[in-house]
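Let me begin by presenting the structure, written as structure tokens, before commenting on it.
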Amino acid sequence: MTRTALTTDDLTAGAPVHVPAASGEWWRDAVIYQVYPRSFADGDGDGIGDLPGVTAKLDHLAQLGVDAVWLSPFYRSPQKDAGYDVADYRDIDPLFGTLADFDEMLAGAHERGLKIIVDLVPNHSSDQHVWFQEALAAARGSAARDRYLFRDGRGPAGDEPPNNWQSIFGGPAWTRLAPRHDDGPAGPQWYLHLFDSSQPDLNWENPEVHAEFEDVLRFWLDKGVDGFRVDVAHGMVKAAGLPDWDGHVAMVEGTVEEAPSDPGAPEDGSTGAGNRGPMFDQEGVHEIYRSWHRVLEENPGERCLVAEAWVEPLSRLARYVRPDEMHQAFNFSFLTAPWDAAQLRTVVDVSLNTMDAVGAPTTWVLSNHDVVRHASRFGLAEIGGKQLNGIAATDPQPDAELGLRRARAATLLMLGLPGSAYMYQGEELGLPDHTALPAEVRQDPSFFRTDGAEPGRDGCRVPLPWVGGAPGNGFGPSDKTWLPQPGVYADLAADRQYGVAGSTYEMYRTALELRRAEKIGTAGLAWVDALAGSPDVVAFHVAGVVVLSNLGATPVVLPAETDVLLASGDLVDGAVPADTTVWLRA
Ligand code: NOJ
């Protein structure tokens with residue numbers, strides 16, 4: 001078999017492509033672990049995770065070695081979109097516990113040196129929010145209606161939606177109210193919802209909405225949270241007049257094609273389709289973040305704002321993290337990049353350059369609660385498009401072994417990059433998605449709104465296995481889990497991996513330990529010159545370490561006496577085989 005043999009000279013660093021920032025706020029190099037509360041750990045046995053469950057597992061997180069935890073929403077909510085439909089921004093849903101449970105969880109995290117980031121959902125509320133209920137009861141043109149985006153319909157009887165926008169979850173983005181006696185000739189009004197009809201969009205032209213959310217920020221800041229992840233951060237302000245738009249709105253797009261309606265195709269190596277319709281990435285959002293930045297600065301300590309903004313190219317995303325706005329933005333260009341050496345190098349280069357240009361840290365992410373987990377994604381023949389959102393039993397199924405192998409290699413590549421990295425609960429166990437969930441158990445609104453054409457995101461939200469073979473694999477004190485776990489979860493449970501050499505958990509733990517010890521997060525980066533054009537190998541210097549990923553079939557023989565610090569898979573006769581990443585002492 002052909003092998004590529006490297007000498008020590010071959011591993012020489014080129015010129016630095018990234019020079020670390022001088023300031024050292026905690027989030028610049030933090031590894032941030034996403035807890036999806038309903039699926040993390042169940043404290044009361046109802047089959048749905050909760051805040052006491054999170055508190056009980058804080059030691060798992062501290063021992064893993066992460067710096068911070070971001071919790072998806074736990075607010076009072078009818079759970080139409082798993083909590084991203086908030087009915088009360090200042091209270092905990094009884095499903096998840098109480099405000100006292102929150103305080104206990106926060107204190108427990110802080111005792112262990114873990115920061116806590118909470119999720120803020122300002123683009124829309126739940127239709128059960130008191131404001132929306134008031135708006136429904138009030139007349140057209142009232143102050144109560146002006147907190148949302150109510151409009152008269154088109155057509156003589158007003159029975160056509162105000163514009164042609166589609167919901168991101170499928171179907172029209174407008175719902176019409178039920179008729180009532182004072183409707184007048186235009187008939188009942190319509191309201192805008194970029195997501196589910198139970199998630200009406202708020203009107204960010206209204207100063208009352210601004211004041212309310214600044215107050216919500218202060219409520220949680222006073223409790224002591226360390227930051228906010230801002231949902232749909234690119235969507236709050238809509239273009240004046242809400243003009244028609246024929247483009248396709250999506251939360252996550254694949255890498256395969258660009259939207260035909262998007263004339264400004266990404267030119268900077270970022271992937272996927274730009275989302276620059278009149279509902280996204282409008283100039284007005286930046287003023288909101290400038291004012292929130294000021295609110296955070298009123299508080300002692302270092303608190304951060306993290307943008308969830310599906311905006312491309314990366315140069316547009318960088319505008320959200322200018323010095324007086326937010327502090328980080330999720331790097332979805334990295335998440336959607338295929339397993340391809342040249343494309344990965346490009347996205348890393350462009351990410352570092354564009355974020356360096358505004359003085360913000362780059363972030364890296366491979367999985368979250370909206371996309372197919374990377375252990376499943378990388379096992380697909382083609383990654384992209386709908387397959388990113390969910391896999392159904394009738395879809396081509398991932399190759400589990402290949403997926404895990406590549407996922408582990410991708411993870412070591414990610415954790416070797418300077419900046420801040422986000423990980424999604426369960427990826428430290430190498431969990432795949434449930435890729436064959438029956439329709440009866442699915443809960444994602446996108447499944448219902450597309451009549452099942454989109455499987456939806458439930459597959460990546462399956463309750464975690466803590467104790468292999470126990471009822472519910474130890475998710476909680478009963479055997480209940482709100483979604484069924486796939487059979488492989490027993491073998492992948494946390495207790496089967498703790499202390500087991502070579503397990504995915506131990507690989508993550510060691511990587512995080514080394515990352516901290518070597519100060520990788522705050523280091524500069526230089527490509528290994530001799531491999532900078534390689535079709536199969538990605539290799540760079542960071543701190544005192546060389547990170548080398550082999551994505552090709554040809555094994556890469558390391559120079560004799562190389563000090564291998566960590567590997568995502570076994571080396572074969574001193575060579576790095578296909579789909580393997582190694583960390584070497586430089
Ligand atoms: C993005 C969140 O991550 C997703 O889960 C949610 O459905 C939408 N925003 C709407 O809030």
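All ligand and atom numbering here is 1-based and tracks the order in the structure.
Counting heavy atoms from C-beta outward, P398 and S376 have side chains that approach closer than 4.5 Å. A heavy-atom distance below 4.5 Å is found between the side chains of N123 and M236.
At a 4.0 Å heavy-atom cut-off, ligand 1 touches R461 through the side chain alone. By the criterion of a heavy-atom distance under 4.0 Å, neither the backbone nor the side chain of N123 is placed next to ligand 1. Contacts with ligand 1 closer than 4.0 Å are made by side-chain heavy atoms of F169 only, the backbone lying farther away.
Remark: minimum distance from atom 3 (O) of ligand 1 to any protein heavy atom is reached at D370 OD2, 2.5 Å. The shortest contact between atom 6 (C) of ligand 1 and any protein heavy atom is with D81 OD2, 3.4 Å. With respect to atom 8 (C) of ligand 1, the closest heavy atom belonging to the protein is F195 CE2, 3.7 Å. Nearest protein heavy-atom neighbour of atom 9 (N) of ligand 1: D231 OD1, 2.8 Å.
Here is the list of ligand 1 atoms found below 4.0 Å of a heavy atom in R457: 4 (C), 5 (O), 6 (C), 7 (O). Of all the atoms in ligand 1, the ones that sit under 4.0 Å from a non-hydrogen atom of E308 are 1 (C), 3 (O). Every atom of ligand 1 is numbered from 1 in the order shown, and the set under 4.0 Å from a heavy atom of V232 is 9 (N). Under a 4.0 Å criterion applied to the non-hydrogen atoms of H124, ligand 1 contributes the atoms 10 (C), 11 (O).
Judged by distance alone, the side chains of W245 and N163 never bring a donor and an acceptor atom under 3.5 Å apart.
Contact between Q34 and ligand 1 is absent, with no heavy atom of the residue lying under 4.0 Å from the ligand.
Checking each of Y424, Y422, Y33 against W70 for a side-chain contact (heavy atoms from CB on, under 4.5 Å) leaves exactly one that passes, namely Y422.
Ring geometry for H124 versus F195: interplanar angle of 30 to 60°, hence tilted.
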Quick one: do D433 and T435 satisfy side-chain hydrogen bond (donor to acceptor under 3.5 Å, both in side chains)? Show the steps, please.
CA-CA 6 Å; D433 266 37; T435 55; over 6 Å; no
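A salt bridge links D201 with K238: at least one charged nitrogen is closer than 4.0 Å to a carboxylate oxygen. We find that D103 and K223 are joined by a salt bridge, their nearest charged nitrogen and carboxylate oxygen being less than 4.0 Å apart.
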